[in-house]
*Asks:* 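The following block contains the structure, expressed as structure tokens.
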Amino acid sequence: MSGRWADFNAWCDPEALATVVAAGLPLTLIGLDVTRRVTVSRAEIAALSSARSALSRWLGDALRWYLDADHGIALSGACPVHDAVVVGAVLGPRLARYASRRIRIDLDEGERRGHTREAADGYPVTVATGIAAVEMRRVIDRVVSPQ
């Protein structure tokens, strides 16, 4: 489980994230605030789970598990597809809006562990600030549509 201020990966190993951010390499971050805007419905997941394609069935089963495992997501009836949005943004860079920011990673052991935040003395990164959700869904649908 992650803290309320960080996503799971940043919370588990904020030192690794801080090392990457501080390395000075060109870095683009697409946070959960952006990836959560693109979801797959329970009905779409069911269609994937019953598709002819083994890959579509696997994806449907994985998404159904994810939807059912998180009570908050399950109540909404749809789950975000975080990784697919990131891959889609790489394939279609115009689908996301970006801005330059300076960020720091909180390394304390408190509830803010792994919190990625803007800071005047932070490291420069490019951060996604928005996504063309409908167009992103079209990209994802082309790749994972049930066959």
Side-chain angles (χ1 to χ4, degrees), residues 1-101 103-107 111-118 122-147:
M1 177 169 201
S2 64
R4 64 184 263 204
W5 296 99
D7 73 29
F8 180 78
N9 294 318
W11 178 78
C12 286
D13 196 350
E15 293 82 9
L17 178 58
T19 299
V20 170
V21 169
L25 300 169
L27 183 62
T28 300
L29 301 177
I30 302 177
L32 298 180
D33 60 321
V34 172
T35 62
R36 284 186 176 134
R37 298 176 191 172
V38 181
T39 61
V40 178
S41 72
R42 188 176 291 279
E44 291 168 317
I45 293 168
L48 284 169
S49 293
S50 62
R52 288 190 316 225
S53 160
L55 179 60
S56 293
R57 285 193 311 274
W58 177 87
L59 183 58
D61 292 345
L63 288 171
R64 186 179 63 241
W65 178 88
Y66 180 47
L67 180 68
D68 293 341
D70 186 307
H71 185 68
I73 292 172
L75 289 176
S76 74
C79 71
V81 284
H82 305 294
D83 296 337
V85 171
V86 172
V87 171
V90 169
L91 296 173
R94 291 187 177 111
L95 295 175
R97 290 182 304 285
Y98 298 96
S100 295
R101 300 282 193 259
I103 66 165
R104 284 257 177 219
I105 312 303
D106 289 338
L107 300 177
E111 72 172 7
R112 290 186 181 257
R113 177 176 172 79
H115 180 214
T116 304
R117 61 182 172 79
E118 284 191 60
Y123 297 96
V125 298
T126 300
V127 177
T129 59
I131 193 85
V134 172
E135 291 81 0
M136 180 61 73
R137 271 306 306 266
R138 287 187 191 122
V139 170
I140 293 169
D141 290 347
R142 276 197 310 259
V143 174
V144 300
S145 64
Q147 302 170 17

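Note that the coordinates shown come from a computational prediction; the quantities given were computed from them, not determined experimentally.
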*Asks:* As a quick check of understanding, evaluate side-chain contact (heavy atoms from CB on, under 4.5 Å) for L17 and N9, giving each step before the final call.
*Replies:* CA-CA 9 Å; L17 178 58; N9 294 318; over 6 Å; no

*Asks:* Quick one: which of M136, R137, R37 gives a side chain to side chain contact (heavy atoms under 4.5 Å, CB included) with V85?
*Replies:* M136

*Asks:* Using every non-hydrogen atom in the two residues, find where I45 and G60 come nearest and quote the distance to one decimal.
*Replies:* CG2-O, 3.2 Å

*Asks:* To the nearest 0.5 Å, how far apart are CD in E44 and CG in L63?
*Replies:* 10.0 Å

*Asks:* Is D141 paired with R138 through a side-chain N to carboxylate O contact shorter than 4.0 Å?
*Replies:* no

*Asks:* Which heavy atom of Y123 sits nearest to which heavy atom of A22, and what is that distance?
*Replies:* CZ-CB, 3.5 Å

*Asks:* Output the distance between atom NE2 (H115) and atom CG (D7), rounded to the nearest 0.5 Å.
*Replies:* 11.0 Å

*Asks:* So, do W5 and D106 sit near enough that their side-chain heavy atoms are less than 4.5 Å apart?
*Replies:* no

*Asks:* Check the pair V127 / T116 against side-chain contact (heavy atoms from CB on, under 4.5 Å), numbers first and verdict last.
*Replies:* CA-CA 11 Å; V127 177; T116 304; over 6 Å; no

*Asks:* So, does R57 use its side chain to make a donor-acceptor pair with the main chain of A51 at under 3.5 Å?
*Replies:* yes

*Asks:* Identify the two heavy atoms, one from A96 and one from I131, that lie closest to each other, and give their separation to 0.1 Å.
*Replies:* CB-CD1, 3.9 Å

*Asks:* Where do I30 and V34 come nearest, in terms of heavy atoms and distance?
*Replies:* CG2-CG1, 3.9 Å

*Asks:* What are the two closest heavy atoms between T126 and Y98, and how far apart are they?
*Replies:* CG2-CB, 3.6 Å

*Asks:* How many angstroms lie between CZ in R64 and SG in C79, if you round to the nearest 0.5 Å?
*Replies:* 11.5 Å

*Asks:* With a 3.5 Å distance limit and no angle check, can you tell me whether R117 reaches the backbone of R104 through a side-chain donor-acceptor pair?
*Replies:* no

*Asks:* First locate atom CG of L59, then atom CD1 of I140, and finally report the distance between them rounded to the nearest 0.5 Å.
*Replies:* 10.0 Å

*Asks:* Tell me, do R36 and H82 make a side-chain contact under 4.5 Å, heavy atoms counted?
*Replies:* yes

*Asks:* Quick check against the 3.5 Å criterion: does S56 have a side-chain atom that pairs as donor or acceptor with the backbone of R52?
*Replies:* no

*Asks:* Taking all heavy atoms of A6 and all of A10, pick out the closest pair and write down the distance.
*Replies:* CB-CB, 4.4 Å

*Asks:* Are W58 and L48 packed together at the side-chain level, in the sense that at least one heavy-atom pair is separated by less than 4.5 angstrom?
*Replies:* no

*Asks:* Hey, are the side chains of I105 and P14 touching, using non-hydrogen atoms and a 4.5 Å cut-off?
*Replies:* yes

*Asks:* Taking the side chain as every heavy atom from C-beta outward, state whether V21 and L27 have any atom pair closer than 4.5 Å.
*Replies:* yes

